[in-house]
Amino acid sequence: MEKVVSLAKRRGFVFQSSEIYGGLNGCWDYGPLGVEMLNNLKQAWWRSMTFRDDVEGVDASILMHPKVWEASGHVANFTDPMVDCKQCKSRYRVDVLMDELNTKKKKDVLREMFPGQFDGQQPDEKIVAEFAARIATDETVAQAVRILACPNCGTKGSFTEARQFNLMFKTFVGPVEDSNNVVFLRPETAQGIFVNFLNVQSASRQKLPFGIAQIGKAFRNEINTKNFLFRTREFEQMEMQYFVKPGEEDRFFEYWREERMKWFLELGMKPENLQWHKHEKLAHYAKAAFDIEFKFPFGWGEVEGIHSRTNFDLSQHEQFSGKSLKYFDEQSKEKFVPYVIETSVGASRSFMAFLCASYDEEMVAGADGEAGEVRTVLHLHPKLAPMKAAILPLVNRDGMDDLARNLTKDLQKYFRVFYDDSGAIGRRYRRQDEIGTPYCFTVDSQTLTDQTVTVRERDSMKQERIAMSAVRDYLLERI
RNA sequence: GCGGAAGUAACUCAGUUGGUAGAGUCACAGCCUUCCAAGCUGUUGGUCGCGGGUUCGAGUCCCGUCUUCCGCUCCA
């Protein structure tokens with residue numbers, strides 16, 4: 001992990017945000033190579049999503065009407081009161097803590113908070129119902145927390161006061177910081193799609209089933225950031241919401257699961273580094289949910305979620321906006337609120353996943369077949385590689401450098417390529433290996449006579465000779 | 001948020017009981033060099049994370065703070 005972070009910085013993939021001021025917790029900047037690779041990644045996703053008949057794109061604004069987040073449930077559900085145990089330092093979400101109490105413990109709490117009212121034998125159902133009813137307000141919950149014992153160390157009354165965590169970034173529209181002007185930075189891009197559902201549908205004349213895709217930044221005020229780009233407060237999502245007729249959701253859920261896994265594999269991910277994670281505890285909007293997890297150096301972590309979201313979001317927006325979001329099916333003459341299949345992938349997270357997956361330190365034999373040495377290489381898929389090729393004169397004389405510069409200029413009309421004439425050729429190859437450049441074209445003395453160059457392939461380090469005029473097509477075929 | 005570790009050149013790291021800040025790599029300018037990081041010469045580059053304190057004197061000792069990594073917790 002540290003090696004990847006170090007390489008990312010050294011070669012200009014990722015820098016820490018505001019580094020000269022000591023950095024800002026969990027914020028990162030993409031450097032010259034990072035932005036190329038991130039753009040490539042986003043482009044690969046965009047092409048796979050929208051270069052088809054049934055998906056349209058949008059780019060919604062980050063600031064949205066505050067009611068959007070009431071409708072989506074984020075205002076109510078995106079805040080989790082938490083407590084810490086002062087004794088053993090473990091932390092709990094208060095609602096989880098309450099849910100996990102057994103009936104006996106609930107009875108104890110009720111007895112202590114309402115003396116005399118729950119003495120003697122009490123039916124279990126009554127205890128459960130009364131607990132749910134009476135321990136419902138912030139006030140009563142806080143009281144209950146004071147009585148409870150920590151499930152981990154058993155110490156009673158060791159919890160801190162419950163603290164509210166609102167994971168949405170708050171800001172103000174206009175220069176006056178008035179509570180009437182509060183808006184939120186979107187915590188997910190999906191809502192920008194839902195609120196535009198009818199706009200897109202009518203403008204594009206799409207019929208169900210069809211999808212809307214969007215790439216954009218989202219913000220969550222996470223309690224703690226973590227693991228390089230994995231958990232950050234500002235991140236980029238690539239989301240597609242696919243609208244279907246109710247009853248067809250399961251079929252398309254399976255379809256998109258397959259498609260999305262295929263996407264990762266086609267970009268060079270190894271199957272053994274990916275796995276499905278099924279959500280057993282579903283969110284309030286979901287009917288089914290699977291995550292694609294990648295094996296990061298720190299363990300398995302989610303890079304994409306594929307969720308069957310029912311018609312929850314559109315229905316909520318109908319209710320909160322008072323506008324109909326129903327779709328009229330010409331065939332069956334039915335009017336209904338479509339169901340939604342969501343594919344939501346983290347651009348930053350998958351960037352990191354591809355970086356980690358491609359990082360390798362290989363032992364290669366020395367020139368004389370003796371002591372081996374370490375070769376650091378990023379086995380990035382050519383589509384993702386920030387530099388598509390390097391053009392190198394073997395030595396800087398006899399006009400080899402001029403030929404190489406001309407070739408570079410030609411190729412730059414089509415690709416991001418790199419010219420390098422400094423130091424020994426081997427060193428230059430290795431430098432390209434380290435940033436994942438898939439091909440190196442070398443101009444040597446033979447080029448001067450027959451206009452051919454050598455192609456050196458990154459992963460195999462094998463070389464072949466092709467005509468200089470064929471270089472462009474060589475790259476086009478492979479990228 | 002808790003606990004542990006770390007922070008010195010772009011990178012990896014030295015730095016003695018407190019006494020003017022070092023190496024290798026990289027980069028740059030040359031030379032050399034006809035295919036896999038290892039030749040030669042020269043050069044640039046450091047607020048020792050930041051802020052206090054102790055001291056004649058702090059990279060070194062003390063306090064605070066920030067950031068990163070690891071573990072816990074959390075991740076509608």
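Values below: every heavy atom of this structure, side chains too, minus hydrogens, waters and symmetry copies. Each chain gets a letter, A, B and so on, in the order the sequences are listed, and its residues count up from 1.
Under 4.0 angstrom from either OP1 or OP2 of B:U68 there lies at least one side-chain N or O belonging to A:N25. Between B:C32 and A:R397, no contact under 4.0 Å exists linking OP1 or OP2 to a side-chain N or O. Look at A:N224 and you won't find any side-chain N or O under 4.0 angstrom from OP1 or OP2 of B:C72.
In this structure, A:R260 forms no cation-pi arrangement with A:W256, as its terminal cationic atom is not both closer than 6.0 Å to the ring centre and no more than 45° off the ring axis.
Residues A:M261 and A:I292 are in side-chain contact: their nearest non-hydrogen atoms beyond the backbone lie under 4.5 Å apart. The side-chain heavy atoms of A:V303 and A:F264, taken from C-beta on, include a pair separated by under 4.5 Å. Two residues are said to be in side-chain contact when any heavy atoms from C-beta on lie closer than 4.5 Å; A:L63 and A:F184 fail this criterion. In this structure, the side chains of A:F230 and A:K226 stay at 4.5 Å or more apart for every pair of heavy atoms.
Checked for salt-bridge contact, A:E249 and A:K287 meet the test: a charged N lies under 4.0 Å from a carboxylate O. We find that A:R309 and A:D313 are joined by a salt bridge, their nearest charged nitrogen and carboxylate oxygen being less than 4.0 Å apart.
In this structure B:U17 sits in no base pair that meets the Watson-Crick or G-U test at under 3.5 Å. Look at B:C61: its Watson-Crick or wobble partner, with both distances under 3.5 angstrom, is B:G53. Pairing for B:C69 is with B:G4, a Watson-Crick or G-U wobble pair whose two hydrogen-bonding atom distances lie under 3.5 Å. When Watson-Crick and G-U wobble pairs are counted only if both distances are under 3.5 Å, B:U12 pairs with B:A23. B:C28 and B:G42 make up a base pair, with Watson-Crick or G-U wobble contacts both under 3.5 Å.
Contacts of A:N227 with the nucleic acid, taken as non-hydrogen atoms under 4.0 Å apart, involve only primed sugar atoms and P, OP1 or OP2. A:G305 comes within contact range of no nucleotide atom at all, as no heavy-atom separation falls under 4.0 Å. As judged by a 4.0 angstrom heavy-atom cut-off over every strand, A:E302 is placed among residues making no nucleic acid contact. At the heavy-atom level, A:R375 lies nowhere under 4.0 Å from the strands shown. In this structure, A:I20 reaches the bases: a heavy-atom distance under 4.0 Å links it to at least one base atom across the strands shown.
With B:C70, B:U34, B:A38 as the choices, the nucleotide that has an atom nearest any side-chain atom of A:D444 turns out to be B:U34. Each of B:C36, B:C35, B:U68 was ranked by its minimum atom distance to the side chain of A:I425; first place goes to B:C35. Set against B:A38, B:C36, B:C72, the side chain of A:Y429 has B:C36 as its closest nucleotide. The side chain of A:S445 lies closest to B:U34 when the candidates are B:C28, B:U33, B:U34. The nucleotide whose nearest atom lies closest to any side-chain atom of A:Q16 is, among B:A76, B:U67, B:C36, B:U67. Among B:U34, B:C36, B:A76, the nucleotide with an atom closest to any side-chain atom of A:E188 is B:A76.
In terms of position along RNA chain B, the nucleotide closest to A:R465 lies nearer the 5' end than the nucleotide closest to the other residue of the pair A:L229 and A:R465. If you find the closest nucleotide of RNA chain B to A:R431 and to A:E457, the one lying nearer the 5' end belongs to A:R431.
To the nearest angstrom, P of B:A27 lies 8 Å from CZ of A:R11. The nearest whole Å value for the distance from the CZ atom in A:F15 to the P atom in B:G49 is 21 Å. Distance CG (A:D420) to C1' (B:C36): 14 Å, rounded to an integer number of Å. As a whole-Å value, the separation of A:K3 NZ from B:U68 P is 22 Å. Straight-line distance from the CZ atom of A:R430 to the C1' atom of B:C35: 11 Å, rounded to whole Å.
A centroid separation of 6.0 Å or more is found between the aromatic rings of A:W28 and A:F15.
Side-chain to base pairing of A:R428 with B:C36: no donor and acceptor N or O lie closer than 3.5 Å to each other. Scanning atom types as modelled, no donor and acceptor separated by under 3.5 angstrom connect the side chain of A:Y21 and the base of B:C50.
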What does the list of N/O pairs under 3.5 Å between the protein and nucleotides 6-14 of chain B look like, with a distance for each?
unit_1: B:C11; atom_1: OP1; unit_2: A:K9; atom_2: NZ; d: 2.6
unit_1: B:C11; atom_1: O3'; unit_2: A:S6; atom_2: OG; d: 3.3

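Annotation for A:K383: atom NZ does not count as buried by contact number, only 12 or fewer foreign heavy atoms lying within 6.0 Å.
The same atom, C1', is picked in B:C13 and in B:G46; the two are 14 Å apart, to the nearest Å.
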